[in-house]
Protein chains: 2
Amino acid sequence: MKLFKAEEYIDQLSIDSVIFGYKNKELKVLVAKVHFEGDFWSLPGGFIYKEEGTDLAAARILEERTGLRDIFLEQYRVFGQEGRSNNVLFENLLNVPKSDFFTKEDFKWLSQRFVSIAYYALVEIDRVKLSKGVFDEKVEWVDYKKLPNLIMDHSLMVEHALETLRLNFDRKLIGFNLLPETFTMRELKELYEAVYDKPFARNNFQKKMLDLNVLERLEKKYTGAANKAPYLYRFKH
Amino acid sequence: MKLFKAEEYIDQLSIDSVIFGYKNKELKVLVAKVHFEGDFWSLPGGFIYKEEGTDLAAARILEERTGLRDIFLEQYRVFGQEGRSNNVLFENLLNVPKSDFFTKEDFKWLSQRFVSIAYYALVEIDRVKLSKGVFDEKVEWVDYKKLPNLIMDHSLMVEHALETLRLNFDRKLIGFNLLPETFTMRELKELYEAVYDKPFARNNFQKKMLDLNVLERLEKKYTGAANKAPYLYRFKH
DNA sequence: GCAAAAGTGTTTGGCATACACCCATGT
DNA sequence: ACATGGGTGTATGCCAAACACTTTTGC
């Protein structure tokens with residue numbers, strides 16, 4: 001059965017997404033090991049139906065991989081260098097047992113030069129139910145500092161996404177998309193430290209956050225530790 | 001003779017550019033009156049050859065219209081809503097005496113839903129030698145506050161371009177691309193006032209600019225006016 | 001001398017950083 | 001009592017905005 005229908009998509013145009021998650025004080029990126037010879041990893045991506053809006057396409061692709069809807073998702077750049085293609089990868093693939101999903105023509109289509117619209121997304125990592133894409137051997141959350149070899153310009157895509165994330169983090173208050181509903185000030189600070197890769201002063205950080213007037217203070221969180229119990233906070237919608 | 005060859009371009013993908021210029025204390029945008037029935041104006045745009053880099057395509061299109069090379073030019077956003085097409089315009093065109101340049105199939109191709117990569121450019125307005133595009137009745141520099149009816153989402157494109165311009169104006173020191181080689185501090189201030197649409201305090205503006213350490217002070221400029229002669233400045237490469 | 005515009009200095013206020021202290025909690 | 005981490009208050013320094021004054025130029 002043939003599942004992939006190249007003729008339904010716009011030619012030479014793709015979407016790639018840098019999906020950020022946060023756990024264990026690490027800012028993580030979702031990457032997939034490509035099911036080909038060699039150690040190739042890739043960002044989750046896909047294609048755009050001929051009449052589909054690009055934002056909708058990106059949301060669809062995100063949902064296919066994570067199961068999540070209504071997630072923070074924003075385009076940040078187009079990568080459209082001349083010669084930008086996967087041909088080496090797909091030529092490799094032709095010597096590998098292939099899926100029934102694809103015809104030789106599909107591989108030719110996939111090997112073209114592609115212009116890719118890059119999106120970045122922020123997700124609460126524990127809500128994600130990962131699904132593999134058709135080309136994926138496995139998908140994993142990886143600390144952005146320890147990324148494996150990414151295909152094509154995907155490393156550059158992560159770099160630019162991180163840059164954009166940092167620029168917008170405060171301005172658009174998007175960081176809360178990475179945290180669960182409630183959190184302590186310490187947890188919020190550790191998120192900032194992971195994103196900016198630098199320490200923040202505890203007292204000044206707290207003041208700055210409270211001065212934003214977007215946090216709602218809830219009850220205290222008794223952890224059983226031998227110290228003062230921290231307050232829980234919630235982001236005011 | 002047929003000049004337009006749709007089959008050489010990527011399908012359903014286009015480039016549109018917001019080209020900014022500055023003159024008479026006004027920030028201007030280059031727009032073209034489309035050569036169809038009715039009062040339709042459009043941003044300069046074009047298409048991408050199948051193997052052409054997007055930045056190169058944008059530069060090529062810019063050069064076709066302005067005669068300028070090596071100009072500040074940057075992509076800032078993709079406009080790819082579902083239903084984004086020129087079909088109304090081109091259906092109109094079919095009832096109008098048409099050029100030999102296009103076949104009926106070309107018009108069909110042009111009427112598809114398009115995803116457009118938007119660029120913004122900054123040019124020194126006096127160096128520009130304007131050329132009309134194939135669809136243009138005329139091209140003009142228009143104050144961004146007095147733009148005519150633009151087709152499709154081109155008004156939105158200008159809005160976003162202006163937003164991006166303002167965000168990057170200081171950070172990337174790109175304003176100098178709008179001015180001639182040498183200029184007075186007053187002229188620079190007036191440029192800032194046109195871009196941000198608000199007044200700047202003379203003394204503080206001067207201090208801020210000089211503190212950037214990117215301006216070279218040249219000789220004085222004697223205008224013949226009954227007041228102190230201002231210095232000329234040049235942007236250090 | 002005078003009007004007009006340029007150049008520069010001084011004061012003020014807000015905000016980020018640094019330093020310091022007190023409070024709650026469990027052993 | 002005390003160690004640990006949480007919460008908050010105060011002092012410092014920088015930068016932008018506001019205010020003020022002097023200088024140059026042509027009539």
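Residue numbers begin at 1 in each chain, while the letters A, B, ... track the order of the sequences.
With hydrogens and angles ignored, no donor-acceptor pair under 3.5 angstrom links the side chain of B:Lys228 to the base of C:dT8.
One finds no side-chain N or O of A:Tyr231 lying less than 4.0 angstrom from the OP1 or OP2 phosphate oxygen of D:dG7. For B:Gln206, a side-chain nitrogen or oxygen approaches OP1 or OP2 of C:dT8 to under 4.0 Å.
In this structure, A:Ala229 reaches the sugar-phosphate backbone alone: every heavy-atom distance under 4.0 Å involves primed, P, OP1 or OP2 atoms, never a base. Residue contacts for B:Lys207: at a heavy-atom cut-off of 4.0 Å it reaches a base atom on one of the strands shown.
Taking the six-membered ring for Trp and the full ring otherwise, the centers of B:Tyr76 and B:Tyr119 sit at least 6.0 Å from each other. Taking the six-membered ring for Trp and the full ring otherwise, the centers of B:Tyr144 and B:Phe20 sit at least 6.0 Å from each other.
Rounding to whole angstrom units, NZ of residue A:Lys208 and C1' of C:dG14 are separated by 15 Å. Between the CZ atom of A:Arg202 and the P atom of D:dT4 there is a distance of 14 Å, rounded to whole Å. With rounding to whole Å, B:Glu219 atom CD is found 13 Å from C:dG7 atom P. Between the CZ atom of A:Phe183 and the P atom of D:dG6 there is a distance of 15 Å, given to the nearest Å. Rounded to an integer number of Å, the gap from CG of B:Leu210 to C1' of D:dA16 is 15 Å. Counting to the nearest Å, the C1' atom of C:dC22 and the CG atom of A:Asn227 are 15 Å from each other. B:Leu212 has its CG atom 12 Å from the P atom of D:dC15, to the nearest Å. Atom CG in B:Leu232 sits roughly 12 Å away from atom P in C:dA6 (whole-Å rounding).
For the pair B:Leu68 and B:Glu63, the minimum side-chain heavy-atom distance is 4.5 Å or more.
Nearer to the 5' terminus of DNA chain C, by closest-nucleotide assignment, is the contact made by B:Arg186 (compared with the other of B:Arg186 and B:Asn204).
B:Tyr9 and B:Phe47 have tilted rings, their planes meeting at an angle from 30° to 60° on a 0 to 90° scale.
The existence of a salt bridge linking A:Lys33 and A:Asp136 is excluded, since no basic side-chain nitrogen approaches an acidic carboxylate oxygen closer than 4.0 Å.
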